[in-house]
There are 2 protein chains.
Amino acid sequence: MRKMPELPDIYILSKSMNDVLQSRMITGVKVNQEKCLNMTPVKFRNRVRNCKFESIHQRGKWVIAELDSKWSIASNLGMGGEIRLFHEGTKPNPKFHRVVIELDKGDWLGINHWWFGHVHLVPKGDFSSHSQLSKLGPEPLADDFTVDKLKAMLDKKRGRIKSYLLDQSFVAGIGNVYVQDILWYARIHPDRSVNALTPNDIEKLHWAIQQVLKEGIEYGGGLREQDIWGNEGTYIEHRQIGYRTGEPCPECSTIIEEIRVGQTTSYICPHCQV
Amino acid sequence: MRKMPELPDIYILSKSMNDVLQSRMITGVKVNQEKCLNMTPVKFRNRVRNCKFESIHQRGKWVIAELDSKWSIASNLGMGGEIRLFHEGTKPNPKFHRVVIELDKGDWLGINHWWFGHVHLVPKGDFSSHSQLSKLGPEPLADDFTVDKLKAMLDKKRGRIKSYLLDQSFVAGIGNVYVQDILWYARIHPDRSVNALTPNDIEKLHWAIQQVLKEGIEYGGGLREQDIWGNEGTYIEHRQIGYRTGEPCPECSTIIEEIRVGQTTSYICPHCQV
DNA sequence: GCATCAAACAAAGA
DNA sequence: CTCTTTGTTTGATG
């Protein structure tokens, strides 16, 4: 079961990259899958070679690595992707490492993704020209993501709440893994229409979003998601309800059900979540 | 129960207008509901006064009355509307006759509609500038509305068949009255997806569309729809299935059911229509 | 099903 | 939902 890394996973990855890569020099780039770039490999290589990494951070499900030039590398890992640091003596596998970024001292970064990953070059600090990044909604862990803001964002809207949480232009970084616990903590059924949420529901939801994402980060990310060294997070062991069909709800012991919501699977406690 | 006049009803009305109004002179216009026009009453009046009617015909659910100028009057009666000819000595009722067209010899046309009717002036023979008329689909009784054409129109489409029949941009003139018998004659359930129709289904459907609409015209229109003199049609007495909840299907005697299809009501024989 | 618009939803493609 | 595109459906409004 491969999942797409979500906000906490990308946060952990970005942090590990930030810790290790600052002021490391890019000495070369090998591209084994052209279409994951947003320009030709030659152009990409010319623009990043001999640049050094500056700060690296997470934005939604994207890793943003700023260079000491006018560019940032923006990478979206797609399904089951990863970015790993390797040392001199190991060799990349062309089938696996879609993009290889060679560093000084013989080290290299291997960027892998199973399907639909992106390694884009974007103007540093200006995402307006990038179709996906420019549309991202607010960061749910940022200071300005307040309850009032969430209320305003949901005002006059209609569709089901789960669609909004998964919509990257509504709020950035939540996917089908963390959304399960978010809705469970908020005691909201994924099918509930947004206009049927009370102010109290939205307050619980806001708390649950931040609670679950912070927990994900504390546990070092979930599932098989890894940092730059390949460490695994433990969120998956601590999750409350996602992918626990048939197990008892931690709150009320009702059996957890698996239902379809739109085109995604949801795991719910039919007693707690209404 | 007020219904909107549909193709056969508008055909009957247009024909009676064509028979009576040709070369009659418009001597004045009184407007009691400005918003049903597409220009100011003054402009409308100036453009039609002293013009004579030329031919008058039906297009979809619209009456198109050509004048001996560069304009046509295009009227859509909306819910339960009518156009009636009155003679000298009678007086229009301002609450009822939204637009009054005064004719020579003291006669006048009273255009009434309960809700959402239009009396527009459009360039004669050129509907391209009119948002509704320009989007109308083919006339279902025209020679070029062939089985092959209908097949092509439905090719690669997805939604339910009833939505298409009611969509004026797909085919013009069918509403929620005549569509009932059309689907019954074709033995097609209104909920059936278009991509589940066989070529044979489409052939039956094509035949049923023309059969039902022609029948409507032969009976002088349906329900309370009237010609310019106020005569009532008798289609409603001869209808097969529409608005006959609880009665037996004329074909197999199964009880006719009333179901919701989208936001409209459908009357079906659950045995005959699959 | 009355017509338009906007938002939400669904299927398919990359 | 991974994101886009395209097409269909639904809801609010006159």
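In what follows, chains carry the letters A, B, and so on, assigned in the order in which the sequence lines appear, proteins first and then strands, with residues in each chain numbered from 1.
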Quiz item: CE of M4(A) versus C1' of dC3(D): gap in Å, rounded?
Solution: 9 Å

Practice problem: Give a yes or no on whether the backbone of H97(A) and the side-chain of Q33(A) come within a donor-acceptor separation of less than 3.5 Å. | Solution: no

Self-check item: Close approaches to DNA chain D from residues 130-137 of chain A, in residue order (heavy atom, under 4.0 Å)
Solution: S131(A), Q132(A), K135(A)

Quiz item: Can you list every salt bridge (charged side-chain N to carboxylate O under 4.0 Å, His left out) pair that touches residues 165-186 of chain A, not counting sequence neighbours?
Solution: none

Quiz item: Base, sugar-phosphate, or nothing for Y164(B), non-hydrogen atoms under 4.0 angstrom?
Solution: sugar-phosphate

Self-check item: Any residue meeting side chain to side chain contact (heavy atoms under 4.5 Å, CB included) with A208(A), in chain and number order, not counting sequence neighbours
Solution: I182(A), Y185(A), A186(A)

Quiz prompt | For K214(A), salt bridge (Lys or Arg N to Asp or Glu O under 4.0 Å) partners two or more places apart | solution = none

Self-check item: For atom CG of L166(A) and atom P of dC3(D), their distance in whole Å
Solution: 10 Å

Exercise. Could you tell me the separation between the NZ atom of K162(B) and the C1' atom of dC2(C), rounded to a whole number of Å?
Key: 14 Å

Quiz prompt | With sequence neighbours excluded, residues passing side chain to side chain contact (heavy atoms under 4.5 Å, CB included) with T245(A) | solution = E258(A), Y267(A)

Quiz item: With sequence neighbours excluded, what pairs up with K135(A) under the salt bridge (Lys or Arg N to Asp or Glu O under 4.0 Å) test?
Solution: none

Exercise. Taking all heavy atoms of P140(B) and all of A172(B), pick out the closest pair and write down the distance.
Key: CD-O, 3.1 Å

Practice problem: Please list, chain by chain and in numerical order, all residues satisfying salt bridge (Lys or Arg N to Asp or Glu O under 4.0 Å) with K30(B), sequence neighbours excluded. | Solution: E102(B)

Self-check item: Partner set under side chain to side chain contact (heavy atoms under 4.5 Å, CB included) for Y11(A), not counting sequence neighbours
Solution: K15(A), Q58(A), I217(A)

Exercise. Take the C1' atoms of the five end pairs on each side of the helix from dC2(C)-dG14(D) to dA14(C)-dT2(D), get both axes, and report the angle to 10 degrees.
Key: 20°

Quiz item: Under 4.0 angstrom, heavy atoms only, what part of the nucleic acid is D167(A) near: base, sugar-phosphate, or nothing?
Solution: base

Quiz item: Expressed in angstrom and rounded to an integer, what is the separation of M153(B) atom CE from dG7(D) atom C1'?
Solution: 16 Å

Self-check item: Rounded interatomic separation in angstrom, taking CG from N38(B) and P from dA3(C)
Solution: 16 Å

Quiz prompt | Touch class at under 4.0 angstrom, heavy-atom based, for K157(A) against every strand present | solution = sugar-phosphate

Quiz item: Reckon G159(A) touches a base, only the sugar-phosphate, or nothing at all at heavy-atom distances under 4.0 Å?
Solution: sugar-phosphate

Quiz item: Between dA11(C) atom C1' and R260(A) atom CZ, what is the distance in whole Å?
Solution: 13 Å

Quiz prompt | Residues in salt bridge (Lys or Arg N to Asp or Glu O under 4.0 Å) contact with R84(A), at least two apart in sequence or another chain | solution = none

Quiz item: What is the distance from NE2 of H120(B) to P of dT4(C), rounded to the nearest Å?
Solution: 10 Å

Quiz item: Is the NZ or CZ atom of K162(B) both under 6.0 Å from the centre of the six-membered ring of W184(B) and within 45° of that ring's axis?
Solution: no

Quiz prompt | Spacing between L77(A) atom CG and dT2(D) atom P, to the nearest angstrom | solution = 12 Å

Polar pairs (N or O, both sides) under 3.5 Å between protein and nucleotides 10-14 of chain D?
from	atom 1	to	atom 2	distance (Å)
dG11(D)	O4'	R158(A)	NH1	3.2

Quiz item: With T40(B), which residues qualify under side chain to side chain contact (heavy atoms under 4.5 Å, CB included), at least two apart?
Solution: V42(B), K43(B)

